[in-house]
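This report concerns only the one structure given below.
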Number of protein chains: 2
Amino acid sequence: MSGTGKRRSQKERSAETSTRLMNATIDLLHDRGLARTTTPEIARQAGVSRGALTHHFTTREAIISVSVADMLSKTTRDLHRFAEDFIARGGSSDEIVDYIWQMMDDRLFYVTMEYLPEARHNPDFRADLIPTVRDFHAGLDAIWTALAARTGVDPDHTRIVMNATMCLVRGMISQTVLRPNDPAYYQEMLAFWKQQVRQQFPIEAASAQDSRRKAGTR
Amino acid sequence: MSGTGKRRSQKERSAETSTRLMNATIDLLHDRGLARTTTPEIARQAGVSRGALTHHFTTREAIISVSVADMLSKTTRDLHRFAEDFIARGGSSDEIVDYIWQMMDDRLFYVTMEYLPEARHNPDFRADLIPTVRDFHAGLDAIWTALAARTGVDPDHTRIVMNATMCLVRGMISQTVLRPNDPAYYQEMLAFWKQQVRQQFPIEAASAQDSRRKAGTR
DNA sequence: CATAAGAAACATGCTTGACTGTTTGCAAAA
DNA sequence: TTTTGCAAACAGTCAAGCATGTTTCTTATG
């Protein structure tokens, strides 16, 4: 695939196998659930032997934990990129809500729903995750803090709105499980929420001229 | 416990064993998670033999499905009782938010988080649950519809606020897994949300004299 | 009302299958 | 040649489902 030639260094081989295994793990978590994400299944999905898996990851819990942390840190990188861009051009609160929804709906929270119960009952697993989750929230903070500074809104209040937004979106994605195939329902709720958030940042007309939206809302 | 060698009818025996098994199942789901809710463990927790379990429930999936449905329908009954009372005395929107939070935080959504991933990947299991969930939402509707009628707010808009409230609370409970031991955080967010909801039902100061008990729902 | 037949509730043990962690074997890179 | 990356076989565990045995209740009948 991406191999520049036939000869690859050990590091290259190792890195590619690890990556394949981690990607396979996330794919399986998303597509088939944690219970069905077994080590033989991961190896099959990654196209390597189970021996290769045990060579790179000592235990099932380890590969899952590492894969999830990897996914989260990638998402955090994206988040920081978005934050930079958002700050540079002075984006709207609507955009933030849309971005968060897209991000969470694009596998992130579905995968989260898979490991969250395990994290609740397994202290080691939970301890592994918490630092990564903290980084992720720092990325979120960067965005909302910028919005707060620009609109002169109390940062503490902004943080509440931010967290409420995250919770709302989490709950919405949860609901898709038992209420699927109803995009209009979720778009309507998002529209309502965007309006609520707008009310929290009233002076936003400052940079109203560049209200070009990338993500079309309904 | 209660029956010390007393002669009980078959139906009584059967019913008690079933109940014990279903309660044990919910307890285990909450305390140890779906993966650890095995049939031997359920039997042990219920204080009956595994044979008794297989006698009453053909398969593991069955006992879990039935137990969850039972829990949901109990919650729905409570909800209807609350609705009746709420309508009778013309309660406030704050009360609804508090009630929902209490209800969800009191095991309901923790247990839900356990089976939701399974429901996502298992169509039979999901199909079993959907009708019960629909009943539950009907109970919710009863409350909010009463509030809408009293305050003269558009029912469709009210439904959006209701659903947003449910989603918010779901997301909040999800967050408790990786952000535990911070009740102030959640109370602050609830306070914010109660204020938002209040704004949606502005005329609420009116007294509760014109609330009729019978004519409301159904 | 006594009791025996039968049904329902419950208990115990066995079989199968699958998964996890480990060890041994082997080829390619260093 | 040594080390590293990977493959394949192995051993231990445990749950799920099933089948057969045992107790408790119900009821039909004399």
Side-chain angles (χ1 to χ4, degrees), chain A residues 1-25 28-29 32-67 114-115 118 121-122 124-125, chain B residues 1-25 28-29 32-67 114-115 118 121-122 124-125:
Chain A
M1 309 205 342
S2 58
T4 51
K6 296 223 74 173
R7 240 190 190 70
R8 294 180 306 166
S9 73
Q10 299 274 58
K11 282 211 164 124
E12 282 170 339
R13 287 211 303 164
S14 183
E16 190 191 322
T17 308
S18 284
T19 304
R20 291 171 71 93
L21 284 166
M22 290 191 293
N23 290 342
T25 302
L28 278 173
L29 282 178
R32 311 200 39 205
L34 178 64
R36 295 166 186 84
T37 303
T38 65
T39 50
E41 202 60 41
I42 294 171
R44 196 173 314 141
Q45 172 90 10
V48 303
S49 76
R50 210 175 79 85
L53 189 154
T54 65
H55 176 73
H56 286 278
F57 303 93
T58 56
T59 171
R60 174 181 180 258
E61 196 176 310
I63 188 175
I64 291 174
S65 173
V66 170
S67 301
E114 295 296 330
Y115 68 72
E118 181 61 22
H121 298 289
N122 187 333
D124 294 335
F125 189 67
Chain B
M1 281 281 184
S2 53
T4 56
K6 278 292 184 184
R7 191 185 173 85
R8 296 176 304 166
S9 76
Q10 301 272 58
K11 282 209 167 126
E12 283 169 339
R13 286 211 304 161
S14 182
E16 189 192 322
T17 307
S18 283
T19 304
R20 291 172 71 92
L21 284 166
M22 289 191 293
N23 290 343
T25 303
L28 279 174
L29 282 178
R32 311 199 39 205
L34 178 64
R36 295 166 185 84
T37 303
T38 64
T39 51
E41 203 59 42
I42 294 171
R44 195 173 313 143
Q45 172 90 9
V48 303
S49 75
R50 211 174 78 84
L53 189 155
T54 65
H55 175 74
H56 287 279
F57 303 94
T58 55
T59 170
R60 173 179 181 262
E61 195 175 313
I63 189 176
I64 291 174
S65 173
V66 171
S67 301
E114 295 296 330
Y115 67 73
E118 182 61 22
H121 298 289
N122 186 334
D124 294 335
F125 188 69

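Worth knowing before you read on, the calculation uses all heavy atoms, side chains too, and leaves out hydrogens, waters and symmetry mates. Residue numbers start from 1 in every chain, and the chains themselves are labelled A, B, ... in the order their sequence lines are given, proteins ahead of strands. Just so it is clear, the structure is predicted and the values come from calculations on it, not from any experiment.
- If you check dG17(D), dA7(D), dT20(C) against the side chain of Arg60(A), the one that comes closest is dT20(C).
- The distance from the CG atom of Leu53(A) to the CD1 atom of Ile42(A) is 5.5 Å, given to the nearest 0.5 Å.
- Contact between the side-chain N/O atoms of His55(A) and the OP1/OP2 oxygens of dC6(D) is not found at any separation under 4.0 Å.
- Here the side chain of Ser9(B) is nearest to one of dA15(D), dC25(D), dC6(D), namely dC25(D).
- The phosphate of dA8(C) (OP1 or OP2) has no side-chain N or O of Ser14(B) nearer than 4.0 angstrom.
- Distance from the side chain of Thr38(A) is smallest for dT20(C) among the nucleotides dG17(D), dG5(D), dT20(C).
- Atom-to-atom distance recorded for His56(A):NE2 and Leu21(A):CG is 6.5 Å, nearest 0.5 angstrom.
- To the nearest angstrom, P of dC14(D) lies 11 Å from CZ of Arg44(B).
- Residues Thr39(A) and Arg50(A) have side chains that bring a donor and an acceptor to within less than 3.5 angstrom of each other.
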When you look at Thr37(B) and Glu114(B), which way does the side chain to side chain contact (heavy atoms under 4.5 Å, CB included) test go after all the steps? CA-CA 10 Å; Thr37(B) 303; Glu114(B) 295 296 330; over 6 Å; no

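- At dC6(D), none of the side-chain N or O atoms of Ser49(A) fall inside 4.0 Å of OP1 or OP2 (strictly under the cut-off).
- Along DNA chain D, the nucleotide closest to Lys11(B) and the one closest to Arg50(B) are compared, and the more 5′ of them pairs with Arg50(B).
- DNA chain D is contacted by both Val48(A) and Thr37(B); Val48(A) maps to the nucleotide lying nearer its 5′ end (nearest heavy atom per residue).
- In this structure, of dC25(D), dG5(D), dT20(C), it is dC25(D) that holds the atom nearest to the side chain of Gln10(B).
- Counting non-hydrogen atoms under 4.0 angstrom, Thr54(A) reaches a base of the nucleic acid.
- Contact annotation: His56(A) reaches the phosphate of dC6(D) (side-chain N/O to OP1 or OP2, under 4.0 Å).
- Atom CD1 in Ile64(B) sits about 12 Å away from atom C1' in dA15(D), given to the nearest Å.
- The distance from atom CG of Leu53(A) to atom P of dC6(D) is 11 Å, rounded to the nearest whole Å.
- Which of dC6(D), dA15(D), dT20(C) sits closest to the side chain of Thr39(A) comes down to dT20(C).
- In this structure, CD of Glu61(B) is placed 15 Å from C1' of dA15(D), rounded to the nearest angstrom.
- Taking atom CZ of Phe57(A) as the reference point, atom P of dT22(C) lies 16 Å away to the nearest angstrom.
- Protein atom CZ of Arg32(A) is 13 Å distant from nucleotide atom P of dA18(C), rounded to whole Å.
- Between the CD atom of Glu12(A) and the C1' atom of dT4(D) there is a distance of 15 Å, given to the nearest Å.
- For the pair Glu41(A) CD and dA18(C) C1', the interatomic distance rounds to 12 Å; values are reported in whole Å.
- The NE2 atom of His55(B) lies 6.0 Å from the OG atom of Ser14(B); values are rounded to the nearest 0.5 Å.
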